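This one's a predicted model, so the numbers in the text were calculated from it and none came from an experiment. Chain naming here is simple, since letters A, B, ... match the order of the sequence lines and numbering starts at 1 in each.
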Amino acid sequence: MQISHGENAKDTANVLSRYGEAIAIRHCAFGEGNAYIREVAHHASVPVISMQCDVYHPCQILADLMTVRERFGRDTRGLKLGVAWTSAPNYVRPLSVPQSLILLMPRFGIDVTLACPPEFRLMPEIEAQAKANAEAGGARFEISDCFEDAFAGANVVVPKSWGPLMTTRDTKQGLALIEQYPTWRCDGARMALGSPDLIYMHPLPADRGREVTDEVIDGPRSVVYDEAENRLHVQKALMALTM
Amino acid sequence: MQISHGENAKDTANVLSRYGEAIAIRHCAFGEGNAYIREVAHHASVPVISMQCDVYHPCQILADLMTVRERFGRDTRGLKLGVAWTSAPNYVRPLSVPQSLILLMPRFGIDVTLACPPEFRLMPEIEAQAKANAEAGGARFEISDCFEDAFAGANVVVPKSWGPLMTTRDTKQGLALIEQYPTWRCDGARMALGSPDLIYMHPLPADRGREVTDEVIDGPRSVVYDEAENRLHVQKALMALTM
Amino acid sequence: MQISHGENAKDTANVLSRYGEAIAIRHCAFGEGNAYIREVAHHASVPVISMQCDVYHPCQILADLMTVRERFGRDTRGLKLGVAWTSAPNYVRPLSVPQSLILLMPRFGIDVTLACPPEFRLMPEIEAQAKANAEAGGARFEISDCFEDAFAGANVVVPKSWGPLMTTRDTKQGLALIEQYPTWRCDGARMALGSPDLIYMHPLPADRGREVTDEVIDGPRSVVYDEAENRLHVQKALMALTM
């Protein structure tokens with residue numbers, strides 16, 4: 001949602017606070033979304049839930065953590081998670097999913113490897129916070145420019161596309177950069193590099209053929225539909241806890 | 001609904017099966033809709049309801065049958081139904097309504113006459129199935145290229161536009177063909193050819209002036225609002241029976 | 001809502017009357033909206049509620065009256081209300097809010113001053129009806145082309161933009177006329193002209209900076225969020241009373 005003919009976040013926050021029990025906002029425009037949600041939250045008198053912004057995607061990552069726990073149990077310490085950039089065409093996807101993954105997972109003792117081409121690094125302050133979270137959580141956080149590093153020995157991998165927003169804000173240049181790495185695609189060979197219990201996750205929709213082969217996403221290691229279902233459960237829990 | 005950035009029918013089916021008690025789809029793109037709905041249904045674990053595709057419109061025809069029964073009683077054997085093509089501008093309407101009419105009505109012993117210009121014939125396999133259904137149901141199924149044949153002696157008539165999709169898939173050519181038959185319009189003179197108890201039906205919206213005169217659609221033989229209301233009842237019944 | 005491929009207001013009214021307990025319509029196209037709503041109401045068998053048309057905005061003005069009563073008590077006789085045109089860019093806003101204000105408020109004994117540039121006068125029959133309502137309600141109704149007259153001694157002011165629809169129906173000309181009066185903006189100096197208990201109202205969204213300064217809309221005299229909340233209450237009451 002954007003400001004429309006002169007209305008500002010304060011107006012929206014106050015009016016919607018009078019109308020409902022909570023406000024949920026999705027606003028992924030880079031450099032705008034998170035600031036807008038925070039401004040609405042500042043003025044609102046009811047809970048404000050982020051349904052994804054340019055920086056974070058809390059509901060998705062809660063669902064991801066729930067999915068990891070379903071598979072590996074509540075004690076997630078010592079697991080290895082790979083967050084791997086993938087090449088997907090047509091538009092510049094936000095940074096919010098990988099950023100929320102590297103922030104949250106180390107807090108639960110999960111070792112995280114972020115693998116991406118150099119132009120696709122995440123926001124420096126988020127990478128720094130992830131490193132601090134890892135230290136506090138007794139976990140490791142590593143960054144690599146080798147796709148396979150996200151898979152090697154991993155228990156969980158999330159191969160997912162995002163835009164080179166730290167390198168360029170120009171859409172055309174961004175899409176051109178994405179096309180320079182067509183081999184960053186999750187396939188059976190890469191999955192074979194992981195732990196025998198490796199699971200494949202993706203917040204969906206996945207660009208089949210570009211981000212992942214059908215063999216993997218439709219295969220026995222894929223938990224994408226459980227992961228999708230868990231959005232429902234964690235979001236209900238979030239509403240129950242806040243409203 | 002179309003496949004979007006790489007998501008396929010399997011993904012949609014699985015995710016929506018996790019989220020709700022049923023999936024309802026409307027997809028009328030010719031050559032795509034029915035195949036897509038069937039593919040979703042193949043993967044879904046909840047009932048999938050067609051809200052209209054390129055081939056069938058089951059909810060509409062259930063409502064039509066309910067409307068016929070309200071007027072003529074539950075024993076519909078020996079009634080005559082005319083399905084008449086009409087000329088209506090602006091876009092190429094799908095075949096689903098006439099095709100579902102000629103398929104379902106003979107199964108309840110209703111004689112069906114399909115009247116359309118030669119370029120507006122329906123899918124050959126549907127016409128063949130209608131003939132088989134008529135034989136099995138003890139009814140007649142006839143095809144004519146004379147508009148009046150749909151009305152002569154009829155108890156029920158459904159004059160309704162559709163596109164010449166068996167002749168051309170080109171929209172411009174299709175619209176030009178539609179304009180070649182401007183006299184295929186339901187009016188009082190045609191209604192007078194029917195049985196004294198003839199009723200006028202249309203799934204709405206009707207293109208007033210082009211498909212039908214106000215005199216007929218607003219007249220005492222028109223049951224279009226009952227027919228519209230019955231969509232509500234049959235669809236509730238469909239959900240109650242399947243969910 | 002507009003008539004679509006041949007469907008008319010009668011069809012819409014009849015079908016929606018079969019489907020629901022009431023019909024609510026917003027249709028602000030000048031010269032069309034009110035006529036359309038009345039035609040639907042003529043054919044409908046359930047209550048039809050105007051959510052705003054080109055002539056009236058009953059729900060907004062009921063909320064405004066409720067807000068005035070919350071501040072000044074149920075006996076509103078002798079209060080002074082200013083309805084002031086303001087300059088706001090980008091589109092030609094409808095006349096419905098000021099017209100409904102000048103019609104309803106005098107019926108409750110509230111003196112009304114309408115202040116607008118000469119090109120922004122309201123529909124003559126509405127202005128005449130407002131005068132008649134004022135006489136019947138023991139109130140005054142005055143029209144001025146001086147912005148400050150709406151504020152002088154007022155207890156309530158509603159500074160709000162609308163288009164010069166009695167002068168031109170051409171959008172480009174209308175927008176150019178709006179730009180001729182950039183000083184018609186509600187600010188602290190104008191608010192100081194009012195009664196010590198003067199409140200600022202606006203149906204929102206207000207074009208901040210153009211229609212009103214932040215100082216006023218965010219200041220202690222502003223009741224815009226109460227006013228917005230009251231839309232909820234009066235509309236619930238309207239449904240309870242009619243359905």
Look at atom [atom1] of [X] and say whether more than 12 heavy atoms of other residues, nucleotides or ligands are closer to it than 6.0 Å.
X: Arg107(A); atom1: CZ; result: no
X: Glu179(C); atom1: CD; result: yes
X: His42(A); atom1: NE2; result: no

**Report entry** Leading residue by heavy atom contact count with chain A [cutoff under 4.5 Å; candidates Glu229(C), Glu227(C), Arg208(C)]
**Finding:** Arg208(C)
Query raised in the report: Quick one: of Val224(C), Val212(C), Asn90(C), Asp218(C), who has the most non-hydrogen atom pairs under 4.5 Å with chain A?
Result: Asp218(C)
Report task. Determine, stepwise, if the pair Lys10(A) / Tyr225(C) fulfils side chain to side chain contact (heavy atoms under 4.5 Å, CB included). Result -> CA-CA 10 Å; Lys10(A) 185 191 174 210; Tyr225(C) 303 137; 3.8 Å; yes
Query raised in the report: Can you name the nearest heavy-atom pair linking Leu232(C) to Arg18(A), along with the distance?
Result: CD2-O, 3.8 Å
Query raised in the report: Roughly how far, to the nearest 0.5 Å, is the CG atom of Asp226(C) from the CG atom of Asn14(A)?
Result: 10.0 Å
